[in-house]
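Numbers for residues simply follow the sequence, beginning at 1. What you are looking at is a predicted structure, and each value in this text was computed from that prediction instead of being measured. Read the numbers this way: they start at 1 and go in the same order the structure lists the ligands and their atoms.
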Amino acid sequence: MYIVPEKEIAALVTRKDNFDAVEQVFASMASKSAYNFPVIREAIGHADALYGFKSGFDRAALNLGLKSGGYWPGNAAKGLTNHQSTVFLFDADTGKCRAVVGGNLLTALRTAAAAAVSVAHLARKDSKVLGMIGAGHQATFQLQAVAEQRDFEKVVAWNRTPEKLASLEKVAKELGLPFESVSLDELGAQADVIVTIVSSQAAILKDGQVKPGTHIACMGTDTKGKQEVEAALVARATVFTDEIAQSISIGEAQHAIADGSLKQADIAEIGAVINGDHPGRRSDDEVTLFDGTGVGLQDLAVASKVVDLAIEKGIAIEVDF
Ligand code: NAD
């Protein structure tokens, strides 16, 4: 069995590795050769923690395993990250544990890769302005991964507390892109691609603020009750997702489904576009929306790549288990 510690991961995988791994697993999910098992999420009644498992099996890539972890709100005071996760991979032929991999950075990388895959397959080719809503932990990863999918000329961004946008501005500068802190009206009027990555319980971006032809990657809503964009915007858009069962229950589509303005049958899996079974964007005026809910198979896909690279580079710690 191999161990790949959290501290080794940043230097091991590239954004292209993560993009390819996530694109492959979305394709496998749509062709039904990979599936996620039911998610377990429990308030454990200790340390205010939320703990759970996301697991699945990709028969094409032979990735079997789970990501275990959750949210410990008191961790920051102890100098630790509040979100904690570890990925366990198993040999699909024998059931033996193949590897234990630090999952904190991988979570951000695989989430950013999902948004990037959606932009690569659904955004207009001539997209020039990238709009970012949110400036928390995930946001800089999102900006880095999405910015390289089109020839963007500018980044416009909004956050509830605008001073937090400094971290995004720094990344935009590193990418050589002009950066502007704007109102939501200005953001919607300018942006050809919008990434929303906030933890909100009410719609931030309104339908009327989004121009025709925009691609929106809604990445922050991963729990019942969360919401980033108005349900009318979801209803107006052509909606794609990683997994339909999650999209309608814990994803951004939950609200439009609940008010009846969107039907489950209107939602397509992004993997169907990757596989060529769905045309994706049909016109330059269409609003496309990717509801990225986050699935365990994404974690297994990037963790498996990390293990392969760590073995290849002699970094993986081998344990007799
Ligand atoms: P964070 O706590 O670091 O940042 C939260 C962000 O949300 C900040 O920009 C904050 O200003 C904003 N925000 C919070 N409440 C708001 C409100 N009421 N109105 C407007 N803005 C508000 O969180 P993070 O780690 O960056 O994660 C962001 C979201 O992404 C969370 O909801 C998280 O659960 C989700 N997430 C999704 C996936 C996935 O696979 N889809 C993976 C990881 C995280």
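Atom CD of Glu42 has 12 or fewer heavy atoms from other residues, nucleotides or ligands within 6.0 Å.
Around atom 4 (O) of ligand 1, the closest heavy atom drawn from Ala135, Ala202, Gly136 belongs to Gly136.
The shortest contact between atom 19 (N) of ligand 1 and any protein heavy atom is with Arg160 CD, 3.7 Å. Protein heavy atom nearest atom 15 (N) of ligand 1, with residue, atom name and distance: Ser199 O, 2.9 Å. Nearest protein heavy-atom neighbour of atom 37 (C) of ligand 1: Met219 O, 3.1 Å. Of all protein heavy atoms, the one lying nearest to atom 24 (P) of ligand 1 is Gln138 CG, 3.5 Å. Of the protein's non-hydrogen atoms, Thr111 OG1, 3.2 Å is the one closest to atom 42 (C) of ligand 1. From the protein, the heavy atom lying nearest to atom 10 (C) of ligand 1 is Asn159 OD1, 4.0 Å. Ranking protein heavy atoms by distance to atom 35 (C) of ligand 1, first place goes to Gly220 O, 3.4 Å. Of the protein's non-hydrogen atoms, Asp222 OD2, 3.4 Å is the one closest to atom 36 (N) of ligand 1.
Sorted by first and then second residue, the ring pair (Phe, Tyr, Trp, His ring centres under 6.0 Å) pairs involving residues 238-269 (not counting sequence neighbours) are Phe240-His278. Among residue pairs with one or both ends in residues 95-121, those qualifying as salt bridge (Lys or Arg N to Asp or Glu O under 4.0 Å) are Arg98-Asp308, Arg110-Asp299; sequence neighbours excluded.
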Problem - Test side-chain hydrogen bond (donor to acceptor under 3.5 Å, both in side chains) applied to Ser183 and Asp185, step by step - result: CA-CA 5 Å; Ser183 68; Asp185 280 342; 5.2 Å; no
Problem - Residue pair Asp58, Met29: steps toward the side chain to side chain contact (heavy atoms under 4.5 Å, CB included) verdict - result: CA-CA 8 Å; Asp58 181 345; Met29 284 165 61; over 6 Å; no
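Between Gln264 and Ile244, some side-chain heavy-atom pair lies under the 4.5 Å cut-off.
Listed for the Glu8 side chain is no donor-acceptor partner under 3.5 Å among the backbone atoms of Pro5.
Looking at ligand 1, you won't find any N or O of Trp158 less than 3.5 Å from one of its N or O atoms. At under 3.5 Å, not a single nitrogen or oxygen of Ile197, backbone or side chain, sits near a nitrogen or oxygen of ligand 1. Taking distance alone, with nitrogen or oxygen atoms compared against 3.5 Å, Thr161 stays at or beyond that limit from ligand 1.
Under 4.0 Å from ligand 1, the heavy atoms of Arg110 that appear belong solely to its side chain. Of all the heavy atoms of His137, the ones lying under 4.0 Å from any atom of ligand 1 are found in both the backbone and the side chain.
For Glu286 and Thr238, the side-chain atoms include at least one donor-acceptor pair closer than 3.5 Å. Between the side chains of Ser28 and Tyr35, not a single donor N or O lies within less than 3.5 Å of an accepting N or O.
Residue Ile204 approaches ligand 1 through these ligand atoms, each under 4.0 Å from one of its heavy atoms: 19 (N), 20 (C), 21 (N).
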